[in-house]
Colleague: 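The structure follows.
Read the numbers this way: they start at 1 and go in the same order the structure lists the ligands and their atoms. Counting begins at 1 with the first residue of the sequence.
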Amino acid sequence: MHKDIEKVLFNEAQIEEIVGNVAEKINNDYGDSEIVAIVILKGSLVFSADLIRRLDMNVQVDFMQASSYGFGTESSGVIKIKKDLETDIRGKHALIIEDIIDSGRTLSLLKEELKKRGAASVKIASLLSKPARRVVDVETEYLGTEIPDEFVVGYGLDYAERYRNLPYIGILKPEVYL
Ligand code: IMP
Ligand code: MG
């Protein structure tokens, strides 16, 4: 185990089972319909790589990087797209692949944006969710598992751009944040 990790939440076998369950639901729902898997950079890189290899339909892959700002008491926030799709999503089935849903701000805006562009459907597959942190309600059609309100790293998830390469998901030792 990496010296900065205090506790492993999900080991490789557990992650494999979670990803397998998500893939099964997606396969059942879409059948033979072709989808565009939208990999949200950078956190969902590893999850996406494992998930798409378990999908049976035709899968196009594209990438997006986005953040949100401007959520006030009465404003609903603005999406800032740092890297946009190359695909024209109009008329296509978009499946957003995310690592973790925290406040829900970015994903709710992203879902709206893709609908505005004329996607035939827009759904979300997220490996993890922290329901205790939710500020904006966002429907997540395919969720791996919920976790408590703790910061996690590994399997694509970072702290200050580190730990994405760990094959498991864990919690950092408190002194790492100092
Ligand atoms: P939000 O749902 O718009 O607040 O943003 C979710 C994003 O915050 C995720 O895509 C991650 O990049 C990041 N994030 C939230 N919680 C964690 C965590 O526990 N570990 C690593 N990244 C996190
Ligand atoms: Mg992310």
Colleague: Where's the contact between L157 and ligand 1, heavy-atom distance under 4.0 Å: side chain, backbone, both or neither?
Modeller: side chain

Colleague: Nearest 0.5 Å please: distance from the NE2 atom of H93 over to the CD1 atom of I35.
Modeller: 10.0 Å

Colleague: Could you tell me which atoms of ligand 1, counted from 1 in the order shown, lie closer than 4.0 angstrom to a heavy atom of T106?
Modeller: 3 (O)

Colleague: Within the distance-only criterion (no hydrogens, no angle test), does the side chain of R54 pair as donor or acceptor with the backbone N or O of D50 below 3.5 angstrom?
Modeller: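 Checked: no pair found.
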
Colleague: By number and element, which atoms of ligand 1 are closer than 4.0 Å to a non-hydrogen atom of G104?
Modeller: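 Under 4.0 Å from G104, ligand 1 has these atoms: 1 (P), 2 (O), 4 (O).
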
Colleague: Which atoms of ligand 1 have any heavy atom of S103 under 4.0 Å away?
Modeller: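 By the 4.0 Å cutoff, the relevant atoms are 1 (P), 2 (O), 3 (O), 4 (O).
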
Colleague: Please identify which atoms of ligand 1 are closer than 4.0 Å to at least one heavy atom of D158.
Modeller: 21 (C)

Colleague: Checking D158 now: which residues fulfil salt bridge (Lys or Arg N to Asp or Glu O under 4.0 Å) with it, not counting sequence neighbours?
Modeller: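 Counting only residues at least two positions away or on another chain, D158 forms a salt bridge (Lys or Arg N to Asp or Glu O under 4.0 Å) with R164.
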
Colleague: Under 3.5 Å between some N or O of ligand 1 and some N or O of V152?
Modeller: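 Yes, there is a polar N/O contact under 3.5 Å.
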
Colleague: Would you please name every residue forming a ring pair (Phe, Tyr, Trp, His ring centres under 6.0 Å) with Y30, sequence neighbours left out?
Modeller: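 For Y30, no residue satisfies ring pair (Phe, Tyr, Trp, His ring centres under 6.0 Å) once neighbours in sequence are set aside.
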
Colleague: Working to the nearest 0.5 angstrom, can you tell me the gap between N27 CG and K25 NZ?
Modeller: 12.0 Å

Colleague: Does any N/O atom on I101 come nearer than 3.5 Å to any N/O atom on ligand 1?
Modeller: no

Colleague: Between R133, E98, R134, K130, which one has a non-hydrogen atom sitting closest to atom 19 (O) of ligand 1?
Modeller: K130

Colleague: Using atom types as modelled and distance alone, determine if a side-chain donor or acceptor of Q14 lies under 3.5 Å from a backbone N or O of N11.
Modeller: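 Flag set: sc Q14 to bb N11 pair under 3.5 Å.
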
Colleague: So is S68 touching ligand 1 or not, going by heavy atoms under 4.0 Å?
Modeller: no

Colleague: Is the closest heavy atom of K42 to ligand 1 under 4.0 Å?
Modeller: no

Colleague: Should Y168 and L157 be counted in the same cluster of Ile, Leu, Val, Met, Phe, Trp and Tyr side chains packed under 4.5 Å apart?
Modeller: no

Colleague: Counting from 1, what ligand 1 atoms have a heavy atom of E150 closer than 4.0 Å?
Modeller: 19 (O)

Colleague: Counting heavy atoms only, name the option from V135, I169, D102 that's nearest to atom 15 (C) of ligand 1.
Modeller: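 Answer by nearest heavy atom: D102.
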
Colleague: Determine yes or no for a side-chain-to-main-chain donor-acceptor pair under 3.5 angstrom, with K92 supplying the side chain and D88 the backbone.
Modeller: yes

Colleague: Looking at non-hydrogen atoms alone, which of I100, L107, I40 comes nearest to atom 6 (C) of ligand 1?
Modeller: I100

Colleague: Without hydrogens or angle criteria, can the side chains of R134 and S129 be said to hold a donor-acceptor pair below 3.5 Å?
Modeller: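 S129 and R134 do have a side-chain donor-acceptor pair below 3.5 Å.
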
